[in-house]
Amino acid sequence: MPRARKRPAGPARPDKKGPGGKRTKTEDPGEASAKVENSSLQETSASRDSGKNLSSYWLMKSEPESRLEKGVDVKFSIEDLRAQPKQTACWDGVRNYQARNFLRAMKLEEEAFFYHSNCREPGIAGLMKIVKEAYPDHTQFEKNNPHYDPSSKEDNPKWSMVDVQFVRMMKRFIPLAELKTHHQAHRATGGPLKNMALFTRQRLSVQPLTREEFDFILSLEEKEPS
């Protein structure tokens with residue numbers, strides 16, 4: 001979801017205060033990235049309210065492997081985040097109303113899993129935290145950017161981004177296949193991942209997590225892969 005070559009954190013242009021429709025493609029649950037979110041969806045009251053009353057934990061998807069979109073490599077992995085100045089970058093490029101509203105709901109110091117998406121082995125690679133709350137996404141105004149949206153106006157921007165900072169790598173990579181196994185088991189037993197958005201709202205590149213989901217996934221670090 002970040003990306004068309006990540007910029008350092010902070011607004012790229014004066015911070016005035018106040019997604020062009022991306023093609024969608026068939027993907028396995030959990031593998032969709034912000035790059036394929038469809039901004040042609042109409043903003044409904046449900047999407048406007050979707051960022052309210054959430055927990056303080058998130059899962060955010062990005063593509064760790066090179067892929068050109070409109071001539072720009074949209075790759076951005078957790079290793080790329082760690083290599084940024086102050087290990088911090090803006091999470092740009094979200095072009096889905098519900099995912100955008102989740103970005104707008106984020107608060108300072110909230111934690112998020114960095115999820116590698118649309119790649120050979122999707123899954124959770126590490127942890128990051130929110131270090132700047134939502135502000136206008138500069139890429140919506142840049143005509144040469146894959147995320148340019150000609151319908152968005154600088155005095156009333158449609159799209160927002162946050163700044164994130166690398167916290168740490170997972171003690172071991174938690175693959176999508178392992179999470180899916182737990183999700184399916186928990187649907188039968190009522191376990192923590194029974195309603196995980198990674199499987200119930202899989203096309204969203206920004207997803208809320210409950211405290212129970214977050215803690216359970218962290219606990220998997222200490223266990224052998226199932």
Side-chain angles (χ1 to χ4, degrees), residues 1-3 6 9 27-35 54-65 75-91 94 99 102-103 105-132 162-226:
M1 166 230 83
R3 351 357 175 64
K6 212 67 178 149
E27 296 182 346
D28 292 333
E31 293 188 37
S33 74
K35 298 291 138 209
L54 296 173
S55 70
S56 302
Y57 303 93
W58 307 92
L59 181 147
M60 300 168 73
K61 299 179 183 178
S62 185
E63 297 185 37
E65 298 173 2
K75 170 186 178 293
F76 192 75
S77 68
I78 193 167
E79 291 82 8
D80 293 321
L81 175 61
R82 184 168 56 180
Q84 294 291 315
K86 298 183 180 179
Q87 301 183 318
T88 300
C90 57
W91 200 267
V94 171
F102 288 143
L103 289 176
M106 292 176 178
K107 302 300 180 187
L108 290 177
E109 301 299 316
E110 290 182 346
E111 295 179 287
F113 287 124
F114 195 120
Y115 182 94
H116 281 173
S117 152
N118 198 29
C119 56
R120 284 165 290 189
E121 186 174 30
I124 295 173
L127 278 168
M128 56 189 179
K129 65 181 179 179
I130 310 306
V131 294
K132 183 174 181 178
V162 297
D163 288 354
V164 297
Q165 184 175 53
F166 175 85
V167 173
R168 66 175 176 86
M169 303 295 290
M170 299 296 283
K171 294 177 183 177
R172 69 175 180 87
F173 184 82
I174 311 295
L176 170 64
E178 181 178 345
L179 293 169
K180 186 174 182 179
T181 296
H182 288 297
H183 166 68
Q184 291 174 333
H186 291 182
R187 287 180 62 191
T189 63
L193 302 192
K194 61 183 183 296
N195 295 319
M196 189 179 180
L198 186 61
F199 304 101
T200 62
R201 288 181 281 182
Q202 59 263 34
R203 287 199 174 275
L204 285 177
S205 67
V206 179
Q207 302 174 355
L209 294 171
T210 66
R211 177 64 184 264
E212 291 72 25
E213 290 168 342
F214 184 83
D215 287 346
F216 179 83
I217 293 169
L218 280 183
S219 76
L220 295 177
E221 290 185 300
E222 309 295 342
K223 300 175 182 177
E224 293 296 322
S226 56

Spacing of [atom1] belonging to [X] relative to [atom2] belonging to [Y], to within rounding of 0.5 Å:
X	Y	atom1	atom2	value
Ile217	Glu178	CD1	CD	10.0 Å
Asn118	Ser205	CG	OG	12.0 Å
Leu103	Ile130	CG	CD1	8.0 Å
Ser56	Leu209	OG	CG	11.0 Å
His186	Leu193	NE2	CG	5.5 Å
Met128	Arg82	CE	CZ	14.0 Å

Side chain to side chain donor-acceptor pair (under 3.5 Å) partners for [X], two or more places apart:
X	result
Glu111	none
Gln165	Thr88
Glu212	none
Lys107	none

Taking [Y]'s backbone N and O only, do any of them form a donor-acceptor pair with [X]'s side chain (distance below 3.5 Å, no angle check)?
X	Y	value
Glu221	Lys171	yes
Glu121	Pro175	no
Arg172	Lys223	yes

Please tell me if the side chains of Phe102 and Val94 come closer than 4.5 Å, counting only heavy atoms from C-beta onward.
->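 They are not in side-chain contact.
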Minimum-distance pair of heavy atoms, taken over all atoms of [X] and [Y]:
X	Y	value
Arg168	Leu218	NH2-CD2, 3.7 Å
Leu81	Val164	CD1-O, 4.0 Å
Pro64	Lys75	O-CE, 3.2 Å
Glu213	Pro208	OE1-O, 4.2 Å

Any residue meeting salt bridge (charged side-chain N to carboxylate O under 4.0 Å, His left out) with Arg211, in chain and number order, not counting sequence neighbours =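 In terms of salt bridge (charged side-chain N to carboxylate O under 4.0 Å, His left out), with neighbours along the sequence ignored, Arg211 is linked to Asp215.
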Under the salt bridge (charged side-chain N to carboxylate O under 4.0 Å, His left out) rule, collect the residues that match up with Lys194, sequence neighbours excluded.
->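 Result, salt bridge (charged side-chain N to carboxylate O under 4.0 Å, His left out) vs Lys194: none returned.
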List the steps and the verdict of side chain to side chain contact (heavy atoms under 4.5 Å, CB included) for Leu220 and Ile124.
-> CA-CA 11 Å; Leu220 295 177; Ile124 295 173; over 6 Å; no
Can you check side chain to side chain contact (heavy atoms under 4.5 Å, CB included) on Phe114 and Val167, steps first, answer last?
-> CA-CA 10 Å; Phe114 195 120; Val167 173; over 6 Å; no
Could you give me the CA-CA distance, side-chain angles and deciding distance for Glu79 and Met169, then say whether side chain to side chain contact (heavy atoms under 4.5 Å, CB included) is met?
-> CA-CA 9 Å; Glu79 291 82 8; Met169 303 295 290; 3.7 Å; yes
Below 6.0 angstrom between ring centroids: does that apply to Phe113 and Phe214?
->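 Judged by ring-centre distance (under 6.0 Å), Phe113 and Phe214 do meet the cut-off.
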What orientation do Phe216 and His182 show, parallel under 30°, tilted 30 to 60°, or perpendicular over 60°?
->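 Ring orientation, 0 to 90° scale: perpendicular.
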Using the ring of each side chain (for Trp, its six-membered ring), is Phe173 parallel, tilted or perpendicular to His116, with breaks at 30° and 60°?
->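 Rings of Phe173 and His116: tilted, as their planes differ by 30° to 60°.
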Quick one: which of Met106, Lys129, Gln207 gives a side chain to side chain contact (heavy atoms under 4.5 Å, CB included) with Trp58?
->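 With Trp58 as partner, side chain to side chain contact (heavy atoms under 4.5 Å, CB included) holds for just one option, Met106.
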Derivation and outcome, side chain to side chain contact (heavy atoms under 4.5 Å, CB included), residues Tyr115 and Leu198 | CA-CA 10 Å; Tyr115 182 94; Leu198 186 61; 3.9 Å; yes
